[in-house]
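These notes are about the structure you will find just below.
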Amino acid sequence: MTTQLFGQPIKRNEDPRLLTGQALFTDDVKLPDMLYAAFVRSDFAHARILSIDVSGALEMPGVVAVYTAEDLGAYWQPGPLLVPPPPVPDLVFNPRMQVPLAKDKVRHVGEPIAVVVAESRYQAEDAAEQVFVEFDPLPAIVELEDALLEDAPLIHEDLDANLNAHVVQHKGDYAQAAAQARLIVKRRFLYDRGIAAAMENRGVVAAWDARAERLTMWDTTQAPVVIRNGIAAMLGLSEMQVRVIAPFIGGGFGPKIMMFYPEEVLMPWISMRLNRPVKWIEDRQENFFATTQERGQIHESEIAVAEDGRVLGVKDVFLHDAGAYAPYGLTVALNSQCTLLGQYDVPHYHTEFRSVFTNKPIVTPYRGAGRQHGVFVMERLLDLAAKELGMDRVEIRRRNLISPEKFPYNNEIIYQDFAPLVYDSGNYGPALDKALELIGYRRFIDEEQPRLRAEGRYVGLGLVTYVEGTGIGPYEGAKVTVETSGRVSVASGIGTQGQGHFTSFAQIVADQLGVGVGDVRLVTGDTAEFYWGAGTFASRGAVVAGNAINAAALAVRKKILQKASEELEIDQEDLELADGAVRVKGVPASAIKLGDLAARANPTRGAVKPGTEPGLEATDYFGPERGATASGVHAMIVEVDPETMLIDIRRYVVVHDCGRVINPMILEGQIHGGVAQGIGNAFYEQLVWDKNGQLLNASFMDYLLPTADVMPVIETDHMETPSPLNPLGIKGAGEAGAIPVGPLFAQALEDALSPLGVEILEIPLSPNRLFELVNDA
Amino acid sequence: MKPAPFQYFAPVTVDDALALLAEHGYDAKLLAGGQSLVPTMNFRLSQPGVLVDLNKIADLAYIRADSDGTLRIGAMTRQSTVERDPLTARHAPLLAEAMPHIAHRQIRNRGTIGGSLAHADPAAELPAIMVTLNARFVIQGAGRRREVAARDFFQALFMTDLAPDEILTEIIIPPMPPGSGWAMDEIARRHGDYALVGAAALVTMPEGDLCADATLTFLSVGETPVVATLACAYLCGARIDDACIAEAARMAGQEDMDPPGDIHASVAYRRKLAQVLARRVLTRAFQRAKDGVV
Ligand SMILES: Cc1cc2nc3c(=O)[nH]c(=O)nc-3n(C[C@H](O)[C@H](O)[C@H](O)COP(=O)(O)OP(=O)(O)OC[C@H]3O[C@@H](n4cnc5c(N)ncnc54)[C@H](O)[C@@H]3O)c2cc1C
């Protein structure tokens with residue numbers, strides 16, 4: 001290798017296509033004869049369906065068909081359980097999955113009841129207004145704590161309670177910790193989250209070709225391969241008859257890894273039935289109900305600490321809102337449970353949750369995926385304990401950090417990959433020091449804050465730490481091919497939603513093969529290009545697909561060296577790959593261009609040695625033994641206007657460790673985006689439901705996303721503690737920015753307002769909420 | 001989020017537009033910048049059968065000043081034009097100060113001054129500004145023309161004095177008396193959001209620190225712009241100092257309004273914001289009056 005591209009802030013290969021509007025998104029797909037679908041959705045959060053009358057809609061101009069659950073026959077099936085429960089003893093688990101169209105009952109506002117197919121979306125929506133559904137409204141479960149009340153209405157009547165799951169896990173024995181503690185701090189915490197609000201909503205185009213007996217589906221999914229397999233099975237087709245293309249996608253963030261959404265299951269069926277292509281594009285209003293969300297947890301938590309601030313144990317019992325159905329198993333609640341202990345060496349941990357059904361849209365992972373909730377509880381408990389012990393908040397953290405020699409560190413409880421949670425590697429102290437230095441901790445606490453307070457200004461500092469389990473299995477694969485043009489094509493099944501895969505994966509390949517990043521062309525998210533894969537989620541793309549691509553590229557590299565060594569009659573050790581050629585070290589003139597070598601490896605006449613594979617191509621896979629644990633520290637300084645409670649973020653610092661960095665610019669983008677979503681969660685975004693389960697702010701007028709003017713400048717720095725679990729030493733980075741922002745806000749705002757004596761035990765906050773807290777203090 | 005079907009007309013004169021309104025009655029809606037109407041149509045909250053588009057009527061977009069300083073603005077003048085026109089800054093500096101608070105530039109490029117006033121959103125800036133400035137509106141119906149004071153125009157939530165067959169054609173802003181001071185401010189969660197609370201003040205203090213006249217108006221605290229009557233009465237004739245302003249602000253927030261609570265701001269928080277804003281805008285307005293800017 002001449003110049004290493006791995007680690008360089010290379011401009012993104014995909015940007016010209018994106019910036020000039022050339023990239024294909026699902027809504028760009030326009031096919032001859034295409035039909036358009038619109039859904040009739042429930043106005044009620046909980047109701048029996050007494051009757052559905054579609055006759056008026058069928059008379060409307062342009063309408064081709066209207067379907068209800070009855071019309072689907074045997075195709076009407078609840079969706080699959082996407083993630084089975086972990087092997088935890090005495091686990092209670094009652095999975096209930098969404099259905100394509102509601103049959104007897106609706107369980108949340110926006111649940112689809114009928115689908116209208118027409119020559120235009122306008123006509124489909126006009127006709128949808130003419131479908132008349134007679135409801136018998138039932139009382140709705142909106143508040144988490146109401147779900148398990150004795151006389152609560154049952155959302156799934158075949159269950160005897162609205163209990164989705166009950167999971168208890170232990171590390172050590174918390175009672176022992178509590179008995180030895182100098183101090184026990186107990187609090188009740190609320191942590192609510194909202195919608196991912198991807199720039200591109202969901203969308204599906206399905207086109208059945210009766211002559212070829214093939215179904216093509218464009219789908220904004222994060223998991224095209226799994227969708228192909230599932231849809232083929234449901235429709236009774238072979239997998240080879242179904243091609244799923246997840247083209248460019250305007251943001252995934254998790255809700256697009258939820259699979260077999262009603263719309264996703266119905267479009268292919270409709271297309272086969274009508275023998276015409278059909279398109280459904282989710283609009284922004286639908287997105288508030290039809291796409292999965294994250295939402296609230298209520299934690300009753302306590303921390304047992306020794307005189308010197310050592311944490312002896314933590315006990316946490318929480319309720320988790322699953323929504324009306326729970327197709328994604330326990331991932332979100334399990335992440336809360338497993339991420340709570342964070343960077344701290346805690347010997348005793350009792351953790352227990354009840355996941356409950358409510359009459360609200362489905363909850364599945366959204367960037368951070370429950371980790372936020374856990375990190376919030378732990379970081380707040382530490383702040384409160386420090387305060388009671390009269391100890392500096394950084395000091396209590398430092399005393400409890402897992403020390404570097406303790407890795408791999410076993411947290412014992414079972415993680416979302418069904419194995420005990422083991423942190424592969426980490427080096428937490430230096431990252432903390434770096435963050436303290438960057439934010440100017442001592443100077444702020446000792447000098448600036450006292451001076452500002454004397455001026456009557458309310459300025460506070462926050463500093464929190466977190467870990468992020470990333471890069472879980474099962475596996476990804478890739479095919480790397482050197483073309484006769486000398487260009488390299490890479491195909492992977494993983495799918496991409498803006499993460500910069502076209503560049504960071506190209507950097508890996510370019511290093512292995514000695515070509516330019518621009519010479520590497522990635523195709524991903526098209527099942528016709530690569531058969532196998534799981535998908536882009538859980539901060540796993542770079543770790544799992546990145547290493548699979550590296551393995552495939554390495555195999556091609558070996559083929560190149562072997563072929564070149566035969567052609568040039570020279571030892572492999574004396575060859576090097578650079579500038580798109582393989583050449584003799586020290587004799588750059590004796591070189592073969594990779595394209596020429598590829599042509600020679602694919603002769604059109606004559607005999608080759610038996611067993612020879614044509615071309616310079618290899619396919620390989622990578623599956624990590626378990627997830628890699630990334631970590632970081634966020635710190636900020638914020639000023640609060642004590643009259644209006646408006647805030648001004650003056651500094652925002654992120655020190656982050658995701659192992660070896662492929663492209664620091666792309667990584668920075670990931671962190672910025674995550675922090676933006678974290679700030680939204682902490683201070684702007686909140687889904688507000690009334691007691692009937694109606695969402696009161698289902699538009700961007702009232703659901704406040706953070707805009708450019710509320711975003712601070714983010715100062716980042718990196719540590720590199722390589723993961724021993726993969727050859728490239730990388731850890732995921734997709735969710736890091738978003739995870740610790742809630743507790744950061746709570747701590748910093750509490751600090752700023754400390755002369756007024758507030759305690760913050762909830763997220764999201766808002767100026768209005770701060771005003772109430774200050775008034776109640 | 002597609003609108004229900006509608007018929008579309010684009011007349012080029014006010015008379016033609018009025019004729020269309022007369023013909024279609026309640027079924028017709030005027031389309032100005034579309035920045036409020038089109039979203040409600042896309043949500044299907046409003047389903048007019050007929051749209052009468054005013055955008056082709058060139059006669060309705062202008063800003064003119066009479067020799068006495070009276071400002072006349074055509075209803076179809078874009079908000080961004082009002083914002084940038086030097087006549088606005090010269091003759092109605094309070095209006096100029098308020099304009100950047102309205103939504104985002106892209107929206108102001110389409111949205112019209114008349115559309116905002118006719119829409120009468122209680123959280124909109126322009127209605128409160130027009131009330132503060134004592135503006136008058138010209139309204140035309142088939143074969144008739146009338147003027148109505150801004151104070152009488154706004155009747156209830158999204159309800160104005162306009163009949164379904166009338167068009168708001170012109171906004172008339174009288175000149176400010178000598179010794180005037182003004183200020184406008186608001187609290188919004190993000191730049192461009194509708195305000196949680198906004199306040200506008202126009203005061204006259206021709207000599208010394210004796211207040212001759214004061215108008216203090218709020219937005220987002222009631223169904224229409226809310227004039228702080230008690231606070232204004234308290235200020236008129238008063239000697240202005242910080243304590244006096246603070247008391248007027250307290251009266252405004254506590255006694256002059258009965259604000260609603262919603263998911264963004266409780267009643268108590270709105271009262272507090274109103275009080276804070278009242279103090280801020282009154283302080284600035286009296287300072288300007290004292291500095292003799294006008
Ligand atoms: C994201 C967003 C944020 C916004 N934020 C703000 C904000 O902070 N503050 C604010 O004040 N506004 C805000 N607006 C509204 C914006 O200012 C609109 O431009 C304004 O309310 C309506 O003006 P328009 O010209 O677009 O009217 P249209 O939407 O075309 O019409 C509005 C109504 O007025 C009627 N109408 C229009 N013109 C006339 C006329 N000449 N005579 C009689 N009736 C007429 C129409 O029939 C319709 O009922 C926001 C809008 C958006 C989309």
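Everything numeric in this text was worked out from a predicted model, so none of it was measured. Numbered from 1 within each chain, the chains take letters A, B, ... in sequence-line order.
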With a 4.5 Å limit on heavy-atom distance, are the side chains of [X] and [Y] in contact?
X	Y	answer
B/Arg279	A/Glu643	yes
B/Arg44	A/Gln285	no
A/Arg284	B/Asn42	no

(message) Checking B/Tyr269 against A/Glu772 for the side chain to side chain contact (heavy atoms under 4.5 Å, CB included) test, could you report, in this order, the C-alpha distance in whole Å, the side-chain angles of both residues, the deciding distance, and whether it holds?
(response) CA-CA 8 Å; B/Tyr269 182 51; A/Glu772 286 171 359; over 6 Å; no
(message) We want to know whether A/Asn768 and B/His264 form a side-chain donor-acceptor pair, criterion being a heavy-atom distance below 3.5 angstrom.
(response)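 Checked: A/Asn768/B/His264 side chains show no N/O donor-acceptor pair below 3.5 Å.
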Go through [options] and name the one with the most non-hydrogen pairs under 4.5 angstrom from chain B.
options	value
A/Ile647, A/Leu704, A/Val710, A/Asn775	A/Leu704
A/Pro706, A/Pro767, A/Ser766	A/Pro767
A/Leu696, A/Asn697, A/Thr644	A/Thr644
A/Glu125, A/Met645, A/Gln686	A/Glu125

Atom group of [X] that falls short of 4.5 Å from chain B, counting heavy atoms:
X	result
A/Ile281	neither
A/Phe771	side chain
A/Asp641	side chain
A/Asp126	both

Check this for me: [X], atom [atom1], are more than 12 non-hydrogen atoms of other residues, nucleotides or ligands nearer than 6.0 Å?
X	atom1	value
B/Tyr26	OH	no
A/Glu119	CD	yes
B/Asp242	CG	no

(message) What part of B/Pro39 gets within 4.5 angstrom of chain A, counting heavy atoms only: side chain, backbone, both, or neither?
(response)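 Answer is neither: B/Pro39 stays 4.5 Å or more from chain A.
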(request) Select one option (side chain, backbone, both, neither) describing which atoms of B/Arg270 are under 4.5 Å from chain A's heavy atoms. (result) neither
(message) What's the separation between atom CE in A/Met711 and atom CZ in B/Arg190, rounded to the nearest 0.5 Å?
(response)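 Atom-to-atom, A/Met711:CE and B/Arg190:CZ are 13.5 Å apart.
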(message) Please report the interatomic distance CE(B/Met1) to CG(A/Asn201), rounded to the nearest 0.5 Å.
(response)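 Interatomic distance, B/Met1 CE to A/Asn201 CG, rounded to 0.5 Å: 10.0 Å.
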